[in-house]
Number of protein chains: 2
Amino acid sequence: MALNKAELFDDKQKRIAELSKALAHPARIAILQLLAERANCICGDITDELPLAQSTISQHLKALKKSGIIKGEVDGVRTCYCLNEEVVEEFNDIITAFAQDLVISTTQNCC
Amino acid sequence: MALNKAELFDDKQKRIAELSKALAHPARIAILQLLAERANCICGDITDELPLAQSTISQHLKALKKSGIIKGEVDGVRTCYCLNEEVVEEFNDIITAFAQDLVISTTQNCC
DNA sequence: ATCGTATATCGCAATTTTACGATTAAAATA
DNA sequence: TATTTTAATCGTAAAATTGCGATATACGAT
């Protein structure tokens, strides 16, 4: 750990947690899958596809946006949401490495 | 999506969300790293290493255990926590695939 | 049998999350 | 200009999360 108690947690730990938190609800997974599936910006059809109220979806979109993994740009009366390529890559790198570390370490687990 | 509104979310979406939720706090990331780093069961030293009260850490351990990614077995007066190899692998598979899908799709993003 | 230690659980408070309907703002259309 | 449409925000309620100290439990050691 090499961390003083006072320092709380390091940036990497916080970032992994933050990105994980963005994915910590099935609706947000579904939104990301929709955005990936269509491979282009979709807008309010997210609302049609998911079993949640428009205001709730707007909140989930806001949560995803806060983490950086999606971006949204206003296009007239609609808003066009896309995956944010840089952050998707950051997420992929960071979570793949983390998961790999866990997998590797379990080979010498005691229980 | 191919999902009726009434069906809410599918099992895979729920499982990704559940595992992500387990990782959605820096303390829980730190705990997983500790368990991986030591490559064997550690017990209450988690409490010594982290800047949180014993009861709080016990709660975080419970959350991790609920997701399945760690297991704990009582060993006399102590409890020995380990990464759960099967679930770590499940997590690795599931999250790697999900991240990859996102990455691949961004190559034809419109914004 | 008693004491000390390790860990889980309880009770509580503060904060955050989730969800919804209602409202607002802004743009497109009639 | 008036109306409709899209999406964000507001207000609110219920539930979950986070954190802590205090307590309980259970085991090992004396």
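Reminder, nothing fancy here: chain letters follow the sequence lines and each chain counts from 1.
Following rounding to the nearest Å, L52(A) (CG) and dG21(C) (P) show an atom-to-atom distance of 11 Å. For the pair L61(B) CG and dT17(D) C1', the interatomic distance rounds to 16 Å; values are reported in whole Å. When the C1' atom of dA26(D) is taken as reference, atom CD of E73(B) falls 17 Å away, rounded to whole Å. The separation between Y81(B) atom OH and dT7(C) atom C1' is 8 Å, rounded to whole Å. The distance between atom NZ of K62(B) and atom P of dA6(C), rounded to the nearest whole Å, is 22 Å. As a whole-Å value, the separation of R78(A) CZ from dA8(D) C1' is 15 Å. To the nearest angstrom, C1' of dT18(D) lies 6 Å from NE2 of H60(B).
Counting any heavy atom pair closer than 4.0 Å across all strands shown, K21(A) reaches sugar-phosphate atoms only and no base atom.
Judged by atom type and distance alone, Q54(A) reaches the base of dA8(D) through a side-chain donor-acceptor pair under 3.5 Å. Donor-acceptor pairing under 3.5 Å, judged by distance alone, is present between the side chain of Q59(A) and the base of dA19(C).
Across dC10(D), dG21(D), dT18(C), the shortest atom-to-atom separation from the side chain of H25(A) is found for dT18(C).
K66(B) and E18(B) are not joined by a salt bridge, as no carboxylate oxygen comes within less than 4.0 angstrom of a charged side-chain nitrogen.
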